[in-house]
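Shown next, in structure tokens, is the structure this report addresses.
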Amino acid sequence: MQNRWAILAVLFVVRATMAFPVSKRGRGRPLLGTAFGVSIADIGVLIGLYFAPGIALALPGAAIGRNSATRQRCWARSR
């Protein structure tokens, strides 16, 4: 815990960076609407497609983690 402020700063920057692409799509909606004729629902579909690969990778990872002995190993190390 010597570098707790540095860790907090890194987490803040990473979280802000992860939220940036989604917020850019929402702010760009008026420009997309006039240029390409898209609606708010179309922008929502784009954002959903942006997150789809993460969901597709998270579900098998959760199943693997549930079936493995990771929980027992983590529990044993914490004691």
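Here, residue 1 is the first one in the sequence, and each next residue gets the next number.
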Hey, quick one: are Val45 and Phe51 part of the same hydrophobic cluster, counting side-chain heavy atoms closer than 4.5 Å, chains of contacts allowed?
->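 Result: no, two separate clusters.
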Answer with yes or no whether the hydrophobic clustering places Tyr50 together with Phe36; edges join I, L, V, M, F, W, Y residues whose side-chain heavy atoms lie under 4.5 Å apart.
->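 Yes: a chain of side-chain contacts under 4.5 Å links Tyr50 to Phe36.
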What's the shortest heavy-atom distance between Thr17 and Val13, and which atoms?
->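 Smallest heavy-atom distance, with atoms named: OG1-O, 2.7 Å.
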